[in-house]
Amino acid sequence: MRQKTGESAISGIRCLRHAHREFLEWWLIRVSLGILAASLLIFAVLGPLGIGEKLGFFQRLSFVAFCGVLCWPVCHALSAFTLHVARSLAPVQILFACIAGTLFAALPCTAVVLMAFGLFQLEDIDPSMSEAYVNTVAAALACRGVLYYVACQRAGVRLGAATESSPVAPQLAGAAAETPAARPGPALGLRQALFGRLPEMLGRDIVFVTVSGHYVNVVTTKGSCLILMRLADAVAALGDTGIQVHRSYWVANRHIVGVRRLDGRMMLRLTGGREVPVSRTYRVAVDAAVSRAKDRRA
C-alpha cells in the first residue's frame with residue numbers, strides 16, 4: 001500500500017512540474033475556451049452580483065461574455081506562468097503558488113467587472129469592490145482548478161508514454177534475455193529508476209546532478225527535472241560516467257571543461273557555461289578528471 005501511495009505521489013509530482021508545457025498546446029487552449037463558455041452560461045443563469053434582478057437572460061449572457069472575453073487571455077497566461085515559475089517547488093508549494101496566482105489574476109478581472117457595470121448602465125446596483133473581488137475569485141478558482149486538473153492529467157499521460165519509450169527499458173530487457181537466471185543488480189535497478197523518471201523531452205545527456213531537498217535536480221543539455229531520489233542512489237546509477245565533486249553535486253566526465261578559483265573556492269567549469277562548487281574532499285579526483293578531459297580534447 002505504501003509503495004503504491006509513493007508511486008502515485010511521484011507521478012503527481014512529475015505531472016505538476018510539467019503541466020505548464022500543456023498550456024502552450026492548442027488542444028488545452030480549446031479546453032480552456034470550452035471551460036470559459038460553460039462557466040459563462042452558468043453565470044448567466046445564476047445572475048451574480050444582482051444582475052439577475054435587472055437584466056434578462058441574454059443581457060446577462062452579454063454581460064458575462066464581455067467580462068470573460070477580456071479576462072480570459074490574462075487568466076490563461078498567468079496560469080501557465082505560475083506553473084512554469086513554480087515547477088521546481090514541492091507539490092504543496094506549487095498548489096499555494098497556483099492559489100496565489102489566482103488571487104492576483106482576480107484583481108484585473110475585478111476591474112473589468114466593475115467597468116462592465118458602467119458600460120451596461122447598472123450604476124444602481126453598484127456592488128462594492130470587495131464583493132466583486134470575492135465573486136471573481138470564486139469563479140477563477142473553479143475554472144482554473146478544472147483547467148489545472150486537465151493539464152496535469154494530460155502531462156501524466158505524456159510522461160507515462162515517455163517512460164515506456166525510454167531507451168533504458170530495451171537495454172534492461174536485453175540484459176535479462178542474455179542472463180535469464182540472473183536478477184538485475186542494485187545499480188541496474190537504480191539506473192532504471194533514474195532514467196525511467198526522466199522525461200524523454202529532456203534527453204539522456206546528463207550534465208550534472210545536484211541535491212534539492214528530498215529530491216535530486218537532474219540537469220541535461222535540454223533542461224532539468226526534479227526526481228524523488230537520494231544523491232547517493234543517483235551516483236550509483238550513473239556509475240563511472242562521471243564523478244562526485246561535492247556532497248551535493250555529481251558531474252558527467254564528458255561535460256568537464258576546466259577549473260577556476262573564486263574567492264578561494266574551487267569551481268568546476270562545465271559545458272554550456274555552467275559551474276559547480278568543488279569541496280576539498282574531492283579536489284584530487286577533480287584534478288585528475290580535468291586532466292583526462294584535457295587529454296581527450298587534445
Side-chain angles (χ1 to χ4, degrees), residues 10 13-14 17-18 85 87-90 162-163 166-172 174-175 178-179 182-298:
I10 292 171
I13 291 167
R14 294 170 64 197
R17 294 201 169 101
H18 293 278
V85 171
R87 67 191 185 280
S88 61
L89 300 177
T163 300
S166 171
V168 178
Q171 295 172 6
L172 293 173
E178 291 176 3
T179 57
R183 296 176 61 87
L188 194 60
L190 290 173
R191 184 173 178 82
Q192 182 184 26
L194 174 63
F195 284 98
R197 300 173 191 173
L198 191 64
E200 186 180 17
M201 63 188 74
L202 297 182
R204 295 296 180 265
D205 191 2
I206 296 177
V207 181
F208 70 92
V209 179
T210 182
V211 174
S212 180
H214 296 293
Y215 305 86
V216 291
N217 186 25
V218 181
V219 179
T220 73
T221 53
K222 296 183 179 180
S224 63
C225 175
L226 284 171
I227 294 176
L228 186 60
M229 175 179 274
R230 299 185 307 168
L231 179 64
D233 292 337
V235 171
L238 294 167
D240 59 2
T241 59
I243 60 169
Q244 187 167 356
V245 300
H246 188 277
R247 66 179 182 179
S248 302
Y249 286 89
W250 175 97
V251 301
N253 290 326
R254 65 189 305 272
H255 288 287
I256 294 176
V257 174
V259 295
R260 76 181 184 98
R261 301 285 177 175
L262 178 63
D263 297 331
R265 298 175 58 195
M266 184 177 184
M267 303 294 294
L268 184 62
R269 295 167 50 228
L270 307 176
T271 57
R274 302 178 178 89
E275 290 187 346
V276 299
V278 178
S279 63
R280 293 180 179 275
T281 306
Y282 300 97
R283 286 187 178 182
V284 175
V286 169
D287 287 334
V290 171
S291 299
R292 290 194 298 269
K294 290 180 179 179
D295 292 340
R296 287 196 300 269
R297 289 194 295 272

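One is the number of the first residue; the rest follow in order along the sequence.
Every residue meeting the ring-ring contact (aromatic ring centres under 6.0 Å, His included) condition with H246, not counting sequence neighbours, appears here in chain and number order: Y249. Here D205 pairs with R254, H255 under the side chain to side chain donor-acceptor pair (under 3.5 Å) rule; sequence neighbours left out. Considering only residues two or more places apart in sequence or on other chains, R292 meets the side chain to side chain contact (heavy atoms under 4.5 Å, CB included) condition with A288, A289, R296. Partners of N217 under the side chain to side chain donor-acceptor pair (under 3.5 Å) rule, at least two apart in sequence or in another chain, do not exist in this structure. Partners of R247 under the side chain to side chain donor-acceptor pair (under 3.5 Å) rule, at least two apart in sequence or in another chain, do not exist in this structure.
Of all heavy-atom pairs between L202 and T220, the closest is O-OG1, 2.7 Å. Q244 and V235 get closest at one heavy-atom pair: OE1-CG2, 4.0 Å. Nearest heavy-atom pair, M229 versus L194, reported as atom, atom and distance to 0.1 Å: CE-N, 3.8 Å. Residues A234 and V209 come closest through the heavy atom pair CB-CG1, 4.4 Å.
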Residue pair L198, V218: steps toward the side-chain contact (heavy atoms from CB on, under 4.5 Å) verdict: CA-CA 8 Å; L198 191 64; V218 181; 4.0 Å; yes

side-chain contact (heavy atoms from CB on, under 4.5 Å) between K222 and M201, worked out: CA-CA 8 Å; K222 296 183 179 180; M201 63 188 74; over 6 Å; no

Trace of the side-chain contact (heavy atoms from CB on, under 4.5 Å) decision for V251 with I243: CA-CA 6 Å; V251 301; I243 60 169; 4.1 Å; yes

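Rounded to the nearest 0.5 Å, atoms CH2 (W250) and CG (L231) are 10.0 Å apart. Rounded to the nearest 0.5 angstrom, L262 CG and M267 CE are separated by 6.0 Å. Rounding to the nearest 0.5 Å gives a distance of 8.0 Å between OG of S224 and CZ of F208. Separating the CE atom in M266 from the CD atom in E275 is a distance of 11.5 Å, to the nearest 0.5 Å. Remark: L226 CG to T210 OG1 distance equals 10.0 Å, nearest 0.5 Å.
Using a 4.5 Å heavy-atom cutoff, the side chains of R274 and V207 are in contact.
In terms of modelled atom types and a separation under 3.5 Å, the side chain of R269 and the main chain of I256 share no donor-acceptor contact. A donor-acceptor pair is defined here as one N or O able to donate and one able to accept, closer than 3.5 Å; such a pair exists between the side chain of N253 and the backbone of D240.
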Side-chain atoms of residues 276-287: list all donor-acceptor pairs with protein atoms under 3.5 Å, sequence neighbours left out, distances to 0.1 Å.
none

